[in-house]
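Excluded from the calculations below are hydrogen atoms, water molecules and symmetry mates; all remaining heavy atoms, backbone and side chain alike, are included.
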Amino acid sequence: MGCILSLISSCAPISISESGRIPIIYLSEAEDLIALDQIRVLLNEAELSENPSPKMLKIAILFAKSGNPKRSENALKLVNPEVLSDQKFIEYSLLKIELGLRSNKPNAAKKVINHARFELLESSMSRKNRQRVLSLRADINNELGYPIEGIRNLTELGLLVENQSDSLKIHNRIWRELASQPFNTLLECAKDKNYSVKEWCDLVRQMRNYQNNRDAQMSLFSKWKAEESQHPASQIPPSWLIDLQKKWPPYTQVAILLPMQGQYRGPSQTFLDGFLDAFYALHAQESSSLPEIRVYDTSVQTIQKAYSDATQDGADIVIGGMRESEAAALSNLTMLSLPTIALNGINNSKILDSSNLYQFNNTQYDEILQMGTKVKRLELKRAIVIFPNQNWGYQAARVFNDYWTETGGTVVDQISYSEATTDFTQHLKSPLNIDLSEERGVNIKRFINSQVIVSPRRRQDIDFAVIFGYPEKARQIKPALDFLCAADIPVYASSRIYNGVYQDDLNQDLSDIYFTAMPWSLPKQLPQKLQYNSEMHVAYKQLYARGYDSLSLIRNLKTLKLNSDYTIFTATGELSLDGGMIKRKVQWANFQNGKVMSLP
């Protein structure tokens with residue numbers, strides 16, 4: 001018990017985890033029956049004590065360590081921190097911070113860690129306790145969307161660790177955090193007054209410019225390392241830079257299997273345009289390892305035949321399966337002899353067993369989980385979901401509904417709409433119970449007082465709304481919600497709501513909507529703006545971006561396979577590899593008076 005409660009003396013050595021974090025000291029998932037017996041004894045002692053706060057703190061710690069965080073929070077509410085000794089106050093604060101982060105309440109954790117008394121005590125803490133606090137500060141800043149503040153915490157933490165292994169873990173964490181930042185953040189960070197932070201950011205910025213050019217990256221790092229020999233990353237490079245120097249041949253012949261005729265001609269050509277634009281950008285960097293590109297038309301032959309021909313022609317990687325049926329056919333091949341990137345969803349458990357099949361589809365699954373996580377953090381519970389009655393709309397609504405209900409939320413209504421829907425005021429009136437409110441008003445006037453002024457009221461069991469749709473429909477849905485007394489409801493949407501074009505007048509009707517945003521659609525998030533046709537529909541722009549990113553995938557696939565923590569920041573989002581799934585994390589933005597504003 002003494003070691004648990006004595007943080008200042010730091011009787012237990014701190015072991016930094018592979019994630020670069022100081023392990024939490026209180027919270028546990030396992031129930032501890034012995035601890036529960038101790039709690040009963042302490043509760044009896046607390047009832048008899050004139051100053052029960054120290055006893056209640058011990059009880060809160062024991063609840064946390066025995067897998068009862070909620071009871072731990074309740075016990076902490078009975079602690080008066082003002083009567084605690086300095087040591088106990090630190091213990092109280094650290095437990096409260098850990099509980100706040102566990103409950104997705106970073107603002108609450110920030111309030112505790114920035115408390116004047118805690119900050120005053122921080123300067124006199126032992127080295128190991130300062131390490132713990134810096135790690136927590138980095139977690140809080142990252143959760144709140146202040147990544148560069150988090151990097152400052154981590155660079156300071158790196159100076160306090162005592163061995164090369166721990167330094168490497170911290171450096172890997174710094175690299176991962178910076179690799180997930182948009183290009184404009186790296187540009188700003190590269191001007192930081194802190195030398196260590198500045199050079200970390202500048203190194204990642206330079207690497208981002210040559211993300212698809214391995215040779216150029218190795219040359220750049222060698223030059224940077226010689227110029228900045230005293231920088232921590234020069235002395236102990238993060239693992240990503242070490243892996244960069246491993247000798248493996250790049251893919252030399254890429255086979256692209258697309259239906260280039262009929263109804264898929266437009267989508268296929270758009271995807272191919274994006275891929276080739278990325279290819280020409282790589283060519284402009286004078287890369288010595290440009291692959292040969294061959295396109296096989298699957299509208300005149302089966303994809304199985306095209307795959308076989310590509311293999312015989314010497315391809316060493318394949319991209320294809322834009323149609324759902326083609327992606328399924330690829331997954332059903334007896335043997336996938338080549339690394340294959342499928343462009344549509346595959347509902348087949350076989351993909352889990354195939355070491356060569358990778359899904360890079362246009363599903364909104366990852367975005368919806370990201371949306372759900374954000375809303376959960378705001379402690380909103382009850383949702384309405386508005387979606388188009390098309391396959392992708394039903395799929396998106398189902399994914400959100402499943403996630404939301406599985407995590408304790410409630411979907412109070414789901415409202416589909418057709419392409420022909422033009423009057424969303426009438427369409428949404430009944431789901432919001434406005435029609436019932438109007439009917440009550442009519443009855444009041446008829447039977448009670450004809451002179452009374454009655455204003456309709458919407459149902460009050462809605463915390464937020466989710467809209468799935470393209471800009472044209474969303475511009476009709478949001479004003480309808482506002483008109484139907486629901487202007488105060490927060491509204492969230494996926495990336496399909498924004499076409500990347502600044503249209504202040506048209507987008508006024510989207511004001512106050514928060515949405516997941518692909519980097520290509522936001523200014524300065526990429527080193528170079530994509531050269532798509534600005535008149536294209538947003539679905540085609542996203543397809544173009546996916547084509548552009550497909551080159552990044554084949555140029556970085558071997559690195560991504562090394563470690564699931566590795567990511568690349570691309571036009572469609574931050575990409576990582578999880579088994580056979582290419583995962584995508586996007587940015588956040590919202591509409592403010594018709595303008596799109598990037599959010600942390």
Side-chain angles (χ1 to χ4, degrees), residues 182 211-212 251 254-260 264-282 291 293 295 298 303 317-324 326-327 330 339-346 357-368 370 391-392 395-396 470 494-500 515-522 525-534 536-557 560 567-578 580-587:
Q211 186 163 252
N212 298 334
Y251 296 115
V254 181
I256 303 179
L257 284 48
L258 294 172
M260 299 301 297
Y264 276 86
R265 177 183 176 182
S268 294
Q269 188 61 57
T270 301
F271 176 89
L272 190 58
D273 288 346
F275 184 90
L276 291 176
D277 280 357
F279 176 83
Y280 295 136
L282 178 61
I293 311 296
V295 179
T298 61
I303 197 165
I317 191 167
V318 173
I319 301 173
M322 177 172 288
R323 291 184 284 207
E324 187 174 351
E326 291 183 340
L330 284 175
T340 302
I341 297 174
L343 301 175
N344 209 315
I346 301 169
L357 187 58
Y358 308 95
Q359 285 195 66
F360 184 41
N361 57 52
N362 199 32
T363 178
Q364 297 178 93
Y365 181 81
D366 294 329
E367 290 187 32
I368 292 169
Q370 210 173 322
N391 285 340
W392 75 265
Q395 182 188 57
Y470 292 114
S494 73
S495 61
R496 297 191 183 188
I497 200 173
Y498 183 49
N499 61 10
F515 64 100
T516 51
M518 292 189 186
W520 67 263
S521 69
L522 300 175
Q525 297 245 325
L526 301 173
Q528 293 88 31
K529 188 178 186 297
L530 299 194
Q531 300 303 308
Y532 54 80
N533 180 351
S534 62
M536 286 195 301
H537 188 274
V538 62
Y540 276 75
K541 290 176 182 176
Q542 293 190 352
L543 191 56
Y544 175 98
R546 203 150 49 103
Y548 195 93
D549 285 357
S550 292
L551 181 74
S552 295
L553 278 173
I554 66 171
R555 299 292 287 185
N556 292 277
L557 186 59
L560 292 175
T567 64
I568 52 174
F569 194 98
T570 64
T572 58
E574 183 189 357
L575 304 184
S576 61
L577 191 59
D578 181 11
M581 297 295 296
I582 294 160
K583 310 295 285 184
R584 186 167 57 84
K585 182 181 178 183
V586 292
Q587 305 296 296

Is there a side-chain contact between [X] and [Y] (heavy atoms, below 4.5 Å)?
X: Asn344; Y: Glu326; result: no
X: Thr298; Y: Arg323; result: yes
X: Leu575; Y: Phe360; result: yes
X: Asn362; Y: Arg496; result: yes
X: Tyr251; Y: Pro291; result: no
X: Gln269; Y: Tyr540; result: no
X: Gln211; Y: Pro527; result: no
X: Gln542; Y: Ser521; result: no

Gap separating the [atom1] atom of [X] from the [atom2] atom of [Y], nearest 0.5 angstrom:
X: Ser550; Y: Ile582; atom1: OG; atom2: CD1; value: 7.5 Å
X: Tyr544; Y: Phe275; atom1: OH; atom2: CZ; value: 12.5 Å
X: Tyr280; Y: Gln531; atom1: OH; atom2: CD; value: 14.0 Å
X: Asn212; Y: Ile568; atom1: CG; atom2: CD1; value: 7.0 Å
X: Arg555; Y: Leu282; atom1: CZ; atom2: CG; value: 4.5 Å

Quick check against the 3.5 Å criterion: does [X] have a side-chain atom that pairs as donor or acceptor with the backbone of [Y]?
X: Ser268; Y: Pro259; result: yes
X: Thr340; Y: Leu357; result: no
X: Asp549; Y: Thr572; result: yes
X: Lys541; Y: Asn499; result: yes

Side chain to side chain contact (heavy atoms under 4.5 Å, CB included) between Leu553 and Tyr358, worked out = CA-CA 10 Å; Leu553 278 173; Tyr358 308 95; over 6 Å; no

Below 4.0 angstrom, N of the basic side chain to O of the carboxylate: do Asp366 and Lys583 qualify?
-> yes

Which atom of [X] lies closest to which atom of [Y], heavy atoms considered:
X: Leu526; Y: Pro519; result: CD2-CB, 4.1 Å
X: Val586; Y: Gln370; result: O-NE2, 2.7 Å
X: Pro339; Y: Ile317; result: O-CG1, 3.3 Å
X: Met322; Y: Leu343; result: CA-CB, 4.0 Å
X: Arg265; Y: Met260; result: CG-O, 3.3 Å
X: Ser495; Y: Met518; result: OG-CE, 3.8 Å

Donor-acceptor pair between Ser494 and Gln364 side chains, under 3.5 angstrom | yes

Verify the ring-centre separation between Tyr548 and Trp520: is it less than 6.0 angstrom?
-> no

For Asn391, does the CG atom sit with more than 12 other heavy atoms under 6.0 Å from it, leaving out its own atoms?
-> no

Which is it for Val318 and Ile341 under the side chain to side chain contact (heavy atoms under 4.5 Å, CB included) test, yes or no, and what are the steps along the way?
-> CA-CA 6 Å; Val318 173; Ile341 297 174; over 6 Å; no

Residues that Asp277 engages under salt bridge (Lys or Arg N to Asp or Glu O under 4.0 Å), provided they are two or more places apart = none

Evaluate the criterion side chain to side chain contact (heavy atoms under 4.5 Å, CB included) for residue pair Ile319 and Phe271; output intermediate values, then yes/no.
-> CA-CA 11 Å; Ile319 301 173; Phe271 176 89; 3.9 Å; yes

Decide side chain to side chain contact (heavy atoms under 4.5 Å, CB included) for Phe279 and Val254; before the verdict, give the C-alpha distance in whole Å, the side-chain angles of both, and the deciding distance to 0.1 Å.
-> CA-CA 11 Å; Phe279 176 83; Val254 181; over 6 Å; no

